[in-house]
Protein chains: 2
Amino acid sequence: MSSTATHTKRRRAPLSRERVLRAAVALADERGIEELTMRKLAKELGVEAMSLYNHVAHRGDLLDGMIDLVFGEIDPPAAGGDWKAELRKRAVSTRAALLRHRWAVGQMEGRTSHGPANLKVHDAILGCLRAAGFSIEMTVSAMSMQDAYIYGFALQQTDMSSQTPEDFAAVAQQQMVDYAEALADYPNLVEVVGGHVAKAGYDYEAEFLFGLDLILDGLERRLSAR
Amino acid sequence: MSSTATHTKRRRAPLSRERVLRAAVALADERGIEELTMRKLAKELGVEAMSLYNHVAHRGDLLDGMIDLVFGEIDPPAAGGDWKAELRKRAVSTRAALLRHRWAVGQMEGRTSHGPANLKVHDAILGCLRAAGFSIEMTVSAMSMQDAYIYGFALQQTDMSSQTPEDFAAVAQQQMVDYAEALADYPNLVEVVGGHVAKAGYDYEAEFLFGLDLILDGLERRLSAR
DNA sequence: ACCTGAACACCGTTCAAGT
DNA sequence: ACCTGAACACCGTTCAAGT
């Protein structure tokens with residue numbers, strides 16, 4: 001058809017859904033979700049925006065695919081072993097994936113389609129809980145609760161620009177200054193944030209584990225109280 | 001200045017930040033957050049888009065203001081009474097506010113400014129926990145954990161179009177059909193969702209309270225174990 | 001089968017101009 | 001002080017046309 005001379009332009013790996021999704025995740029990770037537009041993504045791939053529609057149905061489909069790539073990074077828990085340790089590992093690994101891809105948790109709202117990686121992880125969680133001896137009803141409750149906590153914690157962590165305890169302390173200190181004239185209305189914030197957090201900071205990892213272990217302990221108690 | 005004859009057009013209440021924010025919340029509630037554009041909001045208020053910029057700095061400022069209106073609907077817990085009952089009431093009231101305004105939880109990601117209603121509720125939570133006898137460190141952990149759970153649960157509830165247990169069962173049933181050929185890979189989903197949820201449904205309210213009480217009980221246990 | 005140019009119907013925001 | 005028209009630099013998506 002076309003002579004070899006006509007396309008001396010830089011060779012491009014052919015587009016595929018996989019390649020589009022991976023490029024989209026990379027772009028959102030690096031520049032934020034609001035910078036992820038069909039046009040910019042296409043440019044990143046050396047192609048025009050309209051070509052993307054050969055591989056994703058629309059922007060919502062793109063986001064569904066991206067989110068399932070994030071789920072693919074989660075370690076699914078094994079069934080039959082130490083269920084608490086397995087679920088703890090999965091929770092930590094989920095949080096890590098959501099931290100690597102900070103845009104992800106904010107995009108889960110309203111998204112009703114669930115990809116295969118999502119289904120696989122949740123199937124494994126259900127299997128782990130059932131093997132541990134939880135009733136079907138308790139299994140549903142236990143999984144919902146853990147997901148709510150994990151996603152909610154990740155959501156909160158995007159609320160603050162600071163990530164290390166020291167950063168957090170600095171931000172808290174600055175906020176005490178910024179809100180100075182209103183502080184009389186918030187005596188407990190002054191005591192707890194001004195008096196403690198602004199000095200000691202806030203350790204996201206430790207706080208996450210505190211709540212996670214409280215939940216797992218509570219579930220274990222309800223399991224043995226049957 | 002201008003004669004009375006020159007503006008016989010329909011009298012409009014003058015714009016104000018308050019009026020702009022309330023109209024924005026109403027529009028987002030009714031038509032969804034993606035329908036909330038500066039132009040459509042302006043039209044709703046009988047004005048041009050550019051007039052809004054006299055009352056909000058930009059779209060992000062608009063969203064910050066809207067979210068603080070949602071926080072204003074939350075019952076703050078009282079300090080000194082039955083702390084578990086107070087915090088339970090606050091959690092239920094927060095969830096109710098987030099259900100009335102389904103767009104809200106998805107907009108919390110990355111939002112770093114906190115309005116007065118937000119600060120007021122959180123000050124009250126801290127006060128309640130301190131009065132109950134929690135150390136400053138535990139107070140921080142307890143509040144973070146409750147917020148994470150509440151927001152995360154609300155986020156999950158936007159993932160499903162169905163709200164009543166019966167709706168949920170119908171959706172679960174349909175999904176079993178849709179995913180039929182992949183179901184061999186997910187034996188636990190088949191057992192738990194196919195065998196139970198698709199029949200009994202899923203009661204969001206009951207599930208929320210299950211996790212909430214597990215958390216409050218766990219916190220109480222850690223309080224008395226000091 | 002896959003890619004593209006042009007076009008459509010939108011966005012948020014700015015700026016100078018009106019009252 | 002508050003509102004607006006026109007404009008700028010974008011969006012997602014469709015469609016007919018190219019190879």
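Residue numbers start from 1 in every chain, and the chains themselves are labelled A, B, ... in the order their sequence lines are given, proteins ahead of strands.
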Start with the C-alpha distance between B/Leu126 and A/Glu191, add both sets of side-chain angles, then the distance that settles side chain to side chain contact (heavy atoms under 4.5 Å, CB included), and finish with yes or no.
CA-CA 9 Å; B/Leu126 294 174; A/Glu191 184 202 29; over 6 Å; no
Between P on C/dG12 and CD on B/Glu35, what's the gap in Å once rounded to a whole number?
11 Å
Take A/Val92 and A/Lys89 through the test side chain to side chain contact (heavy atoms under 4.5 Å, CB included) and record every step on the way to the result.
CA-CA 5 Å; A/Val92 168; A/Lys89 196 185 65 182; 5.9 Å; no
Rounded to whole Å, please give me the gap between CD in B/Glu48 and C1' in C/dT19.
15 Å
Looking at D/dC3, C/dC3, C/dT4, which one has an atom nearest to any side-chain atom of A/Leu15?
C/dC3
Is the closest side-chain donor-acceptor distance between A/Gln146 and A/Arg90 under 3.5 Å?
no
Let me confirm one number: the CG-OG distance from B/Asn54 to B/Ser16, rounded to the nearest 0.5 Å.
12.0 Å
Whole-Å gap separating C1' (D/dC11) and CD1 (A/Ile33):
15 Å
Tell me, with the steps shown, if A/Tyr53 and A/Met38 meet side chain to side chain contact (heavy atoms under 4.5 Å, CB included).
CA-CA 9 Å; A/Tyr53 289 92; A/Met38 300 304 268; 3.6 Å; yes
Tell me whether the rings of B/Phe153 and B/Tyr149 are parallel (<30°), tilted (30 to 60°) or perpendicular (>60°).
tilted
B/Arg19 side-chain N/O to B/Pro14 backbone N/O, donor-acceptor pair under 3.5 Å:
yes
Hey, does the side chain of B/Lys40 come within less than 4.0 Å of C/dC10's phosphate (OP1/OP2), counting only N and O?
no
How many Å lie between CG on B/Leu41 and C1' on C/dG12, as a whole number?
13 Å
What nucleic acid atoms does A/Met50 come within less than 4.0 Å of, heavy atoms only: base, sugar-phosphate, or nothing?
base
Would you mind reading off the distance between A/Leu45 atom CG and C/dC2 atom C1', rounded to a whole angstrom?
14 Å
I'd like to know if the side chain of A/His114 pairs up with that of B/Gln175 as donor and acceptor (distance under 3.5 Å, no hydrogens or angles considered).
no
Nucleotide C/dC10, atom C1' - distance to CE of A/Met38 in whole Å:
16 Å
Atom NZ of A/Lys43 and atom C1' of C/dT4 are separated, to the nearest Å, by 15 Å
Go ahead and write out DNA chain C as dot-bracket, 5' to 3': ( ) for pairs within the strand, [ ] for ones crossing earlier pairs, | when the partner sits on another strand, dots for unpaired; Watson-Crick or G-U wobble, both distances under 3.5 Å.
||.|||||...|||||.||
To the nearest Å, give me how far apart CZ (A/Arg17) and P (C/dA1) are.
19 Å
Donor-acceptor contact present, side-chain A/Asp123 to main-chain B/Asn188, <3.5 Å
yes
Of all of residues 52-64 of chain B, which get a heavy atom below 4.0 angstrom from DNA chain C, listed by number?
B/Tyr53, B/His58, B/Arg59
Side-chain N,O (A/Ser51) to OP1/OP2 (C/dC2) below 4.0 Å:
no
In terms of the nearest nucleotide of DNA chain C, which residue is placed more toward the 5' end: A/Ala49 or A/Arg39?
A/Ala49
